Amino acid sequence: MSALARASFASPVGLLVLTAEDDAITRLAWGGPGDETAGDDCPALREARAQLARYFAGRLRDFALPLAPRGTPFLIRAWAALRAIPFGEVRTYGALADMLGTSPRALAGACARNPIPIIVPCHRVVARPGGPNGGLGGYSGEGGLATKRRLLDLEAAHR
(Lines give C-alpha, C1' and ligand atoms only; values in the text may rest on other atoms or scores of the structure.)
Protein backbone atom coordinates (compact mmCIF):
# COMPACT_ATOMS: atom_id res chain seq x y z
CA MET A 1 0.00 0.00 0.00
CA SER A 2 1.35 3.44 -0.89
CA ALA A 3 1.68 6.34 1.54
CA LEU A 4 -0.46 9.35 0.59
CA ALA A 5 0.07 12.81 2.12
CA ARG A 6 -1.43 16.26 1.49
CA ALA A 7 -0.49 19.76 2.53
CA SER A 8 -1.78 23.26 1.78
CA PHE A 9 0.34 26.19 0.79
CA ALA A 10 -0.73 29.85 0.72
CA SER A 11 0.66 31.45 -2.43
CA PRO A 12 0.30 34.68 -4.41
CA VAL A 13 -2.06 32.81 -6.77
CA GLY A 14 -4.27 31.35 -4.03
CA LEU A 15 -4.30 28.41 -1.68
CA LEU A 16 -2.49 25.45 -3.25
CA VAL A 17 -2.88 21.85 -2.16
CA LEU A 18 0.04 19.51 -2.75
CA THR A 19 -0.35 15.74 -2.82
CA ALA A 20 2.50 13.26 -2.52
CA GLU A 21 2.48 9.52 -2.84
CA ASP A 22 5.47 7.43 -1.81
CA ASP A 23 7.59 10.58 -1.37
CA ALA A 24 6.94 12.00 -4.86
CA ILE A 25 4.65 14.90 -5.77
CA THR A 26 1.64 13.65 -7.73
CA ARG A 27 -0.66 16.68 -7.74
CA LEU A 28 -0.90 20.42 -7.16
CA ALA A 29 -4.42 21.84 -7.04
CA TRP A 30 -6.08 25.10 -6.04
CA GLY A 31 -8.28 25.43 -2.97
CA GLY A 32 -9.02 22.79 -0.39
CA PRO A 33 -8.26 22.62 3.31
CA GLY A 34 -6.21 25.38 4.87
CA ASP A 35 -4.04 23.26 7.20
CA GLU A 36 -0.52 24.31 6.27
CA THR A 37 1.05 21.99 8.85
CA ALA A 38 -0.44 18.82 7.38
CA GLY A 39 2.14 16.75 5.56
CA ASP A 40 5.07 18.02 7.62
CA ASP A 41 6.20 14.42 8.10
CA CYS A 42 6.52 13.97 4.30
CA PRO A 43 9.92 15.15 3.01
CA ALA A 44 8.61 15.65 -0.56
CA LEU A 45 5.82 17.96 0.65
CA ARG A 46 8.15 19.95 2.93
CA GLU A 47 10.61 20.42 0.07
CA ALA A 48 7.86 21.29 -2.43
CA ARG A 49 6.49 24.00 -0.13
CA ALA A 50 10.00 25.39 0.42
CA GLN A 51 10.75 25.44 -3.32
CA LEU A 52 7.39 27.02 -4.15
CA ALA A 53 8.04 29.75 -1.57
CA ARG A 54 11.42 30.46 -3.19
CA TYR A 55 9.84 30.41 -6.67
CA PHE A 56 7.17 32.95 -5.70
CA ALA A 57 9.85 35.12 -4.05
CA GLY A 58 11.84 35.10 -7.32
CA ARG A 59 14.70 33.06 -5.81
CA LEU A 60 14.11 29.74 -7.62
CA ARG A 61 14.08 29.14 -11.36
CA ASP A 62 14.16 25.35 -11.59
CA PHE A 63 12.24 22.97 -9.37
CA ALA A 64 14.21 19.92 -8.22
CA LEU A 65 11.51 17.70 -6.80
CA PRO A 66 10.60 14.04 -7.12
CA LEU A 67 7.54 14.05 -9.38
CA ALA A 68 5.22 11.17 -10.27
CA PRO A 69 2.41 12.49 -12.47
CA ARG A 70 0.09 9.81 -13.79
CA GLY A 71 -0.88 9.78 -17.44
CA THR A 72 -0.58 8.10 -20.78
CA PRO A 73 2.84 7.82 -22.43
CA PHE A 74 1.93 10.85 -24.60
CA LEU A 75 0.96 12.95 -21.56
CA ILE A 76 4.18 12.02 -19.75
CA ARG A 77 6.21 13.07 -22.83
CA ALA A 78 4.26 16.33 -23.14
CA TRP A 79 4.74 17.17 -19.44
CA ALA A 80 8.47 16.45 -19.76
CA ALA A 81 8.59 18.92 -22.67
CA LEU A 82 6.89 21.54 -20.48
CA ARG A 83 9.53 21.06 -17.78
CA ALA A 84 12.23 21.78 -20.39
CA ILE A 85 10.91 25.31 -21.06
CA PRO A 86 13.31 27.64 -19.23
CA PHE A 87 12.15 29.99 -16.48
CA GLY A 88 10.90 33.29 -17.90
CA GLU A 89 10.48 31.96 -21.43
CA VAL A 90 7.44 30.83 -23.38
CA ARG A 91 6.83 28.40 -26.22
CA THR A 92 3.82 28.25 -28.50
CA TYR A 93 1.45 25.30 -28.60
CA GLY A 94 2.40 24.88 -32.26
CA ALA A 95 6.16 24.79 -31.68
CA LEU A 96 5.88 22.25 -28.87
CA ALA A 97 3.39 20.18 -30.85
CA ASP A 98 5.81 20.05 -33.78
CA MET A 99 8.61 18.97 -31.46
CA LEU A 100 6.42 16.14 -30.10
CA GLY A 101 4.99 15.16 -33.49
CA THR A 102 1.42 15.95 -32.52
CA SER A 103 -1.20 18.66 -33.02
CA PRO A 104 -1.46 21.93 -31.09
CA ARG A 105 -4.91 20.83 -29.91
CA ALA A 106 -3.48 17.59 -28.45
CA LEU A 107 -0.74 19.56 -26.71
CA ALA A 108 -3.30 22.01 -25.31
CA GLY A 109 -5.22 19.03 -23.95
CA ALA A 110 -2.05 17.75 -22.28
CA CYS A 111 -1.53 21.16 -20.69
CA ALA A 112 -5.12 21.17 -19.42
CA ARG A 113 -4.62 17.71 -17.87
CA ASN A 114 -1.31 18.63 -16.18
CA PRO A 115 -1.71 17.41 -12.58
CA ILE A 116 1.21 19.46 -11.24
CA PRO A 117 0.86 23.01 -12.64
CA ILE A 118 3.44 25.67 -11.78
CA ILE A 119 6.06 22.98 -11.04
CA VAL A 120 5.35 21.45 -14.46
CA PRO A 121 5.04 24.90 -16.08
CA CYS A 122 2.11 24.69 -18.49
CA HIS A 123 1.70 28.45 -17.94
CA ARG A 124 4.77 28.90 -20.19
CA VAL A 125 2.84 27.66 -23.25
CA VAL A 126 1.03 30.35 -25.23
CA ALA A 127 -1.11 30.45 -28.37
CA ARG A 128 0.77 33.17 -30.17
CA PRO A 129 2.18 36.42 -28.89
CA GLY A 130 -0.06 39.35 -29.77
CA GLY A 131 -3.09 37.18 -30.56
CA PRO A 132 -6.52 37.29 -28.88
CA ASN A 133 -6.31 37.64 -25.07
CA GLY A 134 -2.70 38.69 -25.52
CA GLY A 135 -2.00 35.40 -27.26
CA LEU A 136 -1.98 33.49 -23.98
CA GLY A 137 -4.31 30.69 -25.04
CA GLY A 138 -5.98 29.05 -22.04
CA TYR A 139 -5.14 28.06 -18.48
CA SER A 140 -6.91 25.45 -16.39
CA GLY A 141 -5.66 26.68 -13.00
CA GLU A 142 -7.96 28.64 -10.70
CA GLY A 143 -8.30 32.18 -11.97
CA GLY A 144 -7.71 31.08 -15.57
CA LEU A 145 -5.83 33.55 -17.75
CA ALA A 146 -5.37 36.06 -14.91
CA THR A 147 -3.38 33.43 -12.99
CA LYS A 148 -1.39 32.48 -16.09
CA ARG A 149 -0.53 36.15 -16.65
CA ARG A 150 0.52 36.54 -12.97
CA LEU A 151 2.87 33.57 -13.22
CA LEU A 152 4.38 34.83 -16.48
CA ASP A 153 4.76 38.35 -15.05
CA LEU A 154 6.42 36.98 -11.90
CA GLU A 155 8.94 35.09 -14.02
CA ALA A 156 9.58 38.07 -16.31
CA ALA A 157 10.24 40.29 -13.27
CA HIS A 158 12.87 37.86 -11.95
CA ARG A 159 14.73 36.99 -15.17
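None of the values given here were measured: they were computed from a predicted structure.
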Candidate pair V13 and L151, rule side-chain contact (heavy atoms from CB on, under 4.5 Å), full reasoning: CA-CA 8 Å; V13 294; L151 292 168; 4.2 Å; yes

Straight-line distance of K148 NZ to C111 SG, nearest 0.5 Å: 7.0 Å

Minimum side-chain heavy-atom gap F9-L45 below 4.5 Å: no

T19/L28 under side-chain contact (heavy atoms from CB on, under 4.5 Å): CA gap, chis, key distance, verdict: CA-CA 6 Å; T19 303; L28 184 152; over 6 Å; no

Minimum heavy-atom distance L15-S8, with the two atoms named: CD1-CB, 3.8 Å

Verdict with supporting geometry, E47 and R49, salt bridge (Lys or Arg N to Asp or Glu O under 4.0 Å): CA-CA 5 Å; E47 185 59 25; R49 285 193 307 217; over 6 Å; no

More than 12 heavy atoms from other groups under 6.0 Å of CZ on R77: yes

Sub-4.5 Å side-chain heavy-atom contact between P117 and W30: yes

Heavy-atom donor-acceptor pair, R91 side chain to I85 backbone, under 3.5 Å: no

Any donor-acceptor N/O pair, T147 side chain to E142 backbone, under 3.5 Å: yes

Closest contact, heavy atoms only, F74 versus A106: CE2-O, 3.8 Å

Over all atoms of both residues, closest heavy-atom pair of L154 and F56: CD1-O, 3.4 Å

W79 side chain reached by L67 side chain, heavy atoms, under 4.5 Å: no

Closest approach of C42 to D23 (non-hydrogen atoms, all atoms of both residues): SG-OD1, 3.8 Å

Spacing of CG belonging to D22 relative to CG belonging to L4, to within rounding of 0.5 Å: 9.0 Å

Side-chain heavy-atom pair L16, I118 within 4.5 angstrom cut-off: yes

Heavy-atom side-chain contact between H158 and F87 under 4.5 Å: yes

Closest non-hydrogen atom pair between A97 and P104, with its separation: CB-N, 3.5 Å

Heavy-atom closest pair, residues G135 and V126: O-CB, 3.4 Å

Sidechain N-carboxylate O distance under 4.0 Å for E21, R70: yes

side-chain contact (heavy atoms from CB on, under 4.5 Å) assessment of Y139 paired with C122: CA-CA 8 Å; Y139 192 64; C122 52; 3.8 Å; yes

Rounded distance [0.5 Å steps], CG in L107 versus CG in L96: 5.5 Å

Heavy-atom side-chain contact between I116 and T26 under 4.5 Å: no

Y93 side chain near R105 side chain, heavy-atom distance below 4.5 Å: no

Verdict with reasoning, R149 to L136, per side-chain contact (heavy atoms from CB on, under 4.5 Å): CA-CA 8 Å; R149 170 56 56 206; L136 293 180; 3.3 Å; yes

Test item: L75 and N114 side chains (from C-beta on) under 4.5 Å apart, heavy atoms: no

Atom pair CG/NE2 of L152 and H123 - distance to nearest 0.5 Å: 5.5 Å

CZ-CZ distance between R61 and R54, expressed to the nearest 0.5 angstrom: 14.0 Å

Between CD on residue Q51 and CG on residue D62, distance to nearest 0.5 Å: 9.5 Å

